[in-house]
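All of these numbers come straight from a predicted model, not from anything done at the bench.
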Amino acid sequence: MGSLVSCMSDPCPSASPPPQAKRRSSTSSRGRGGGGGGGGRDSAKATMAIDEEALATAAALVLGQRGAVGAFERSASVRCAAKRQGQGPPLPRSSSTRPRSLAEPELQPQHLLAKDLNTKDLETNIIVLVHGGGFGAWCWYKTISLLEDSGFKVNAIDLTGSGIHSYDTNKISSLSEYSEPLTSYLKGLGDAQKVILVGHDFGGACISYAMEMFPSKVAKAVFLCAAMLTNGHSALGMFQQQMDTNGTLQKAQEFIYSNGKDRPPTAINIDKALLRDLLFNQSPSKDVSLASVSMRPIPFAPLLEKLVLTAENYGSVRRFYVETTEDNAIPLPLQQSMCGTNPPEKVLRLKGADHAPFFSKPQALHKTLVEIATMPPVQAS
């Protein structure tokens with residue numbers, strides 16, 4: 001999502017619905033270094049086994065094949081750590097060399113919550129997770145596991161052209177088209193059903209659009225290091241407020257012109273070599289590997305679209321913002337600026353989290369989402 005900012009230095013003409021184009025995709029992978037000796041080979045095999053388990057589990061989860069891998073009882077980081085007992089020193093849990101924060105202990109889900117929590121007593125126990133630009137439902141695999149362990153019903157949406165959704169990203173011409181899987185889900189809910197929407201990154205614009213369309217079906221909206229826009233503004237315009245100080249955002253993006261260089265871009269790719277620095281600077285290596293083979297281009301047209309948000313609809317939904325302090329894609333000052341311009345009911349903070357807190361701080365994120373979910377309804381005065 002951070003790739004949006006480079007449009008400032010690369011003026012883009014007003015977007016018009018692009019005609020059909022041939023699908024363009026690219027796949028790259030990060031090489032692995034090998035160590036010498038038997039110990040190095042054993043460590044490499046253990047690392048490969050953990051990476052394969054994370055990839056297989058996330059893929060099975062998204063495809064609805066959870067029965068094939070058994071109950072998904074823990075976040076991958078907790079389960080893999082348990083399996084390594086007696087197999088030598090633990091693998092590094094983060095690309096960062098800093099010590100593990102004492103605020104993020106290795107806890108089981110039941111230790112994070114009151115034991116008497118009954119999600120059936122809440123205003124709603126349904127949480128809908130909406131990914132950011134380039135991501136897919138796969139990125140939430142740890143969060144899904146933790147929330148379901150706590151008794152919530154969780155749905156992770158693949159937006160149009162994202163994750164395993166087969167549509168060509170280059171053909172997406174509007175925010176409504178991009179958000180259609182989310183709005184279709186909300187439309188299908190019963191009249192008395194409500195959900196908690198959680199939007200990450202550009203998913204913030206998507207949940208805002210959904211809140212305007214179906215305010216009565218959204219109990220709360222959580223913006224997770226996300227674009228929280230005001231009426232008449234686009235995601236691209238909002239991100240142009242913040243210049244990238246180190247050039248990472250501009251270097252990471254690759255515009256795709258499937259309709260020709262004389263037409264507006266149809267999508268944006270993120271350079272796989274810069275994924276870690278831009279999005280995952282605090283995330284475990286196995287999750288960076290998962291992202292490097294799973295991320296897809298970001299459709300360009302929806303980024304240009306100005307939202308129409310009214311006080312009667314969008315403004316009637318309770319909003320919460322979750323800040324990430326080590327975010328290189330949407331820096332903390334920009335997050336704080338959005339909250340100042342469009343104040344939510346409450347701002348919460350994940351210390352030490354990068355732009356992918358579902359990878360870098362899954363347990364702290366889980367605790368924060370449960371805290372928001374358990375906040376009682378506002379009493380009418």
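Looking at Val322, Thr143, Thr368 one by one, the single match for side-chain contact (heavy atoms from CB on, under 4.5 Å) with Leu224 turns out to be Val322.
A side-chain donor-acceptor contact under 3.5 Å links Thr230 and His233. Using modelled atom types and a 3.5 Å distance limit, the side chains of Ser150 and His366 yield a donor-acceptor pair. No hydrogens or angles considered: a donor-acceptor pair under 3.5 Å links the side chains of Asp201 and His355.
Taking the salt bridge (Lys or Arg N to Asp or Glu O under 4.0 Å) definition, one finds that Glu323 meets it with Arg349, sequence neighbours left out. Among residues two or more places apart in sequence or in another chain, the side-chain contact (heavy atoms from CB on, under 4.5 Å) test is passed with Val218 by Leu197, Met211, Val317. Considering only residues two or more places apart in sequence or on other chains, Pro344 meets the side-chain contact (heavy atoms from CB on, under 4.5 Å) condition with Met228, Arg319, Tyr321, Cys339, Val347. Applying the side chain to side chain donor-acceptor pair (under 3.5 Å) rule to Lys346 yields the partners Glu371; only residues at least two apart in sequence or on another chain are considered. Here Lys153 pairs with nothing under the salt bridge (Lys or Arg N to Asp or Glu O under 4.0 Å) rule; sequence neighbours left out. With sequence neighbours excluded, the residues forming a side chain to side chain donor-acceptor pair (under 3.5 Å) with Ser176 are Ser174, listed by chain and number. With sequence neighbours left out, the side chain to side chain donor-acceptor pair (under 3.5 Å) criterion links Ser216 to no other residue. Phe358 pairs by the ring pair (Phe, Tyr, Trp, His ring centres under 6.0 Å) definition with Phe135, Trp140, His200, not counting sequence neighbours. Considering only residues two or more places apart in sequence or on other chains, Arg318 meets the salt bridge (Lys or Arg N to Asp or Glu O under 4.0 Å) condition with Glu345. Remark: Asn155 engages Tyr185 in a side chain to side chain donor-acceptor pair (under 3.5 Å) (not counting sequence neighbours). Thr310 meets the side-chain contact (heavy atoms from CB on, under 4.5 Å) test with Glu212, Glu312, Asn313; sequence neighbours excluded.
Judged by distance alone, with hydrogens and angles left aside, the side-chain atoms of Asn170 form no donor-acceptor pair with the main-chain N or O of Ser258 at under 3.5 Å.
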Under 3.5 Å, sequence neighbours excluded: what are the donor-acceptor pairs made by side chains of residues 299-307?
from	atom 1	to	atom 2	distance (Å)
Glu305	OE1	Leu175	N	2.8

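Lys217 has its side chain out of reach of Gln193: every pair of non-hydrogen atoms, C-beta onward, lies at least 4.5 Å apart.
Using a 30° and 60° split on the angle between ring planes, His165 and Tyr167 fall in the perpendicular class, above 60°.
Between Asp287 and Lys142 a salt bridge is recorded (basic side-chain N to carboxylate O distance below 4.0 Å).
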